[in-house]
Amino acid sequence: MGGRGANAFRAKQGDRGLSFSNGRGKSSEKLFPAWMNGSKNTGSIDRVIKNFNDKHTKSGREWGVQVDDNGYVTHYYKGSRGSVSYDAFESEGKHFIHNHPANGWGNFSGADLETWAGSGQKAVTASSRNALPPRGIDPKLYSKRRAGTYTIKKKPHFKATEFNKAIHSVKVSSDNYDADLSKWLSRNAKKYGYEYSYKPAKNKV
């Protein structure tokens, strides 16, 4: 399982639903977790996220890691330009971290949220960095992209079934996806039982 990143920018204006994957995609290439583990970048989720962001948010493809409660990477994946996939058992009790390339929005896709909610995964993080507008994308529209680190984490009373049903009916603005989805996720955190946070990217373009 695993999901596609937030859709690329659409020229069409108006409200839109979230993007969901149609079935299981091709499994991503598995790399050695040891390549992401080290005394200075493991031991806490914050360290792992910082190390992951430094290594992968510049990439034009998606990458991902599963992190255990001790802050160590147990699985490491090389995805495609639009998604990163893994087997469900690999994410059980883990915090999954992945990047969203610069040609898409920074916030979670519907597939990201659906996979997280419907599995034993504790938390998911989507990371991106500030960038110049890719060729063919309106700079004014691209300025609405909110790059940074998005994290959503289950609480003990998380209502998975209700949350999954709700996200399939969510509507957000086509030209303000990141901010609109953040508002919805923040507003409904208590209702469904999760924690949601966003930390803006600090890199200069």
Side-chain angles (χ1 to χ4, degrees), residues 1-8 18-21 24-37 41-42 44-69 71-131 145-154 167 177-178 181-182 185 194-201 203:
M1 52 193 308
R4 303 188 68 82
N7 270 15
L18 307 187
S19 58
F20 297 91
S21 58
R24 187 182 187 281
K26 181 180 178 182
S27 295
S28 296
E29 180 182 352
K30 296 181 182 179
L31 306 175
F32 293 110
W35 293 349
M36 291 294 288
N37 286 321
N41 52 38
T42 54
S44 77
I45 192 64
D46 289 338
R47 286 183 185 177
V48 179
I49 289 175
K50 183 180 184 306
N51 181 50
F52 180 89
N53 289 354
D54 289 345
K55 289 181 179 293
H56 293 309
T57 53
K58 294 180 182 179
S59 180
R61 69 168 64 239
E62 291 197 20
W63 301 76
V65 294
Q66 307 282 3
V67 186
D68 66 17
D69 287 339
Y72 288 91
V73 174
T74 61
H75 297 82
Y76 183 23
Y77 315 101
K78 179 182 179 181
S80 65
R81 289 183 63 84
S83 66
V84 57
S85 300
Y86 48 86
D87 293 317
F89 74 89
E90 296 172 349
S91 68
E92 192 71 25
K94 306 291 176 52
H95 186 138
F96 179 62
I97 305 167
H98 68 303
N99 66 300
H100 283 173
N103 64 340
W105 295 99
N107 213 335
F108 297 113
S109 67
D112 290 335
L113 296 172
E114 183 180 49
T115 299
W116 163 75
S119 68
Q121 199 175 83
K122 286 186 175 181
V124 61
T125 291
S127 295
S128 56
R129 63 189 283 114
N130 295 318
R145 177 177 179 263
R146 298 174 68 192
T149 301
Y150 295 84
T151 297
I152 190 166
K153 182 179 181 181
K154 295 171 184 171
I167 60 175
Y177 179 91
D178 286 341
L181 182 56
S182 278
L185 289 171
Y194 60 83
E195 297 174 0
Y196 174 73
S197 65
Y198 165 63
K199 296 180 180 179
N203 68 291

A.B. asks: State, to 0.1 Å, how close Ser182 and Tyr196 come at their nearest heavy-atom pair, and which atoms those are.
C.D. replies: OG-OH, 2.7 Å
A.B. asks: So, taking the atom named NE2 in His98 and the one named CD in Gln66, what distance separates them when rounded to the nearest 0.5 Å?
C.D. replies: 11.0 Å
A.B. asks: With heavy-atom distances below 4.5 Å as the criterion, would you say the side chains of His100 and Arg145 are in contact?
C.D. replies: no
A.B. asks: Just by distance, do the side chain of His75 and the backbone of Ser91 share a donor-acceptor pair under 3.5 Å?
C.D. replies: no
A.B. asks: Just to verify, which of Asn53, Asp46, Thr125 counts as forming a side-chain hydrogen bond (donor to acceptor under 3.5 Å, both in side chains) with Thr149?
C.D. replies: Asn53
A.B. asks: Kindly indicate, with the supporting measurements, whether the criterion side-chain contact (heavy atoms from CB on, under 4.5 Å) is fulfilled by Asp112 and Phe96.
C.D. replies: CA-CA 10 Å; Asp112 290 335; Phe96 179 62; 5.9 Å; no
A.B. asks: Checking Lys58 now: which residues fulfil side chain to side chain contact (heavy atoms under 4.5 Å, CB included) with it, not counting sequence neighbours?
C.D. replies: Arg129
A.B. asks: Is there a side-chain contact between Glu114 and Leu18, using heavy atoms and a 4.5 Å cut-off?
C.D. replies: no
A.B. asks: With sequence neighbours excluded, tell me which residues meet salt bridge (Lys or Arg N to Asp or Glu O under 4.0 Å) with Lys50.
C.D. replies: Asp54
A.B. asks: Using modelled atom types and a 3.5 Å cut-off, is there a donor and acceptor pairing between side-chain atoms of Tyr198 and backbone atoms of Ala147?
C.D. replies: yes
A.B. asks: Please report the closest heavy-atom contact between Tyr194 and Leu185, naming both atoms and the distance.
C.D. replies: OH-O, 2.6 Å
A.B. asks: Is there a donor-acceptor contact under 3.5 Å from the side chain of Lys154 to the main chain of Trp116?
C.D. replies: yes
A.B. asks: Check whether any side-chain heavy atom of Lys122 lies under 4.5 Å from a side-chain heavy atom of Asp69, and answer yes or no.
C.D. replies: yes
A.B. asks: Does Phe108 reach the side chain of Ile167, with side-chain heavy atoms less than 4.5 Å apart?
C.D. replies: no
A.B. asks: Can you tell if the side chain of Pro101 reaches within under 4.5 Å of the side chain of Glu62, non-hydrogen atoms only?
C.D. replies: yes
A.B. asks: Hey, is the main chain of Asp178 close enough, under 3.5 Å, to the side chain of Asn107 for a donor-acceptor pair?
C.D. replies: yes
A.B. asks: Hey, does Lys94 have a side-chain heavy atom less than 4.5 Å from the side chain of Tyr86?
C.D. replies: no
A.B. asks: If every non-hydrogen atom of Lys55 is compared with every non-hydrogen atom of Trp35, which pair is closest and at what distance?
C.D. replies: CE-O, 4.5 Å
A.B. asks: Under the criterion side-chain contact (heavy atoms from CB on, under 4.5 Å), I'd like the reasoning laid out for Trp105 against Leu181: C-alpha separation, chi angles, the key distance, then a yes or no.
C.D. replies: CA-CA 11 Å; Trp105 295 99; Leu181 182 56; over 6 Å; no
A.B. asks: Look at the side chain of Tyr177 and the backbone N and O of Gly104, then say whether any donor-acceptor pair between them is shorter than 3.5 Å.
C.D. replies: no
A.B. asks: Could you give the distance from CG (Asn99) to OG1 (Thr57), rounded to the nearest 0.5 Å?
C.D. replies: 7.0 Å
A.B. asks: Hey, does Tyr72 have a side-chain heavy atom less than 4.5 Å from the side chain of Pro33?
C.D. replies: no
A.B. asks: Identify the heavy atoms of Asp87 and Ser27 that sit nearest to each other, and give their distance.
C.D. replies: OD1-OG, 4.4 Å
A.B. asks: Of all the heavy-atom pairs spanning Lys78 and Leu31, show the shortest one and how long it is.
C.D. replies: CB-CD1, 4.0 Å
A.B. asks: Kindly indicate whether the side chain of Thr115, heavy atoms from C-beta on, has any atom under 4.5 Å from the side chain of Val124.
C.D. replies: no
A.B. asks: Determine whether Thr151 and His95 satisfy the following criterion, side-chain contact (heavy atoms from CB on, under 4.5 Å), listing intermediate values before the conclusion.
C.D. replies: CA-CA 10 Å; Thr151 297; His95 186 138; 3.9 Å; yes
A.B. asks: Quick check against the 3.5 Å criterion: does Ser85 have a side-chain atom that pairs as donor or acceptor with the backbone of Ser28?
C.D. replies: no
A.B. asks: Quick one: do Ile97 and Ile45 satisfy side-chain contact (heavy atoms from CB on, under 4.5 Å)? Show the steps, please.
C.D. replies: CA-CA 10 Å; Ile97 305 167; Ile45 192 64; 3.9 Å; yes
A.B. asks: For the backbone of Thr42 and the side chain of Asn37, can you confirm whether one donor and one acceptor N or O come within less than 3.5 Å of each other?
C.D. replies: no
A.B. asks: Only one of Glu90, Lys30, Glu29 passes side-chain hydrogen bond (donor to acceptor under 3.5 Å, both in side chains) with Tyr77; say which it is.
C.D. replies: Glu90
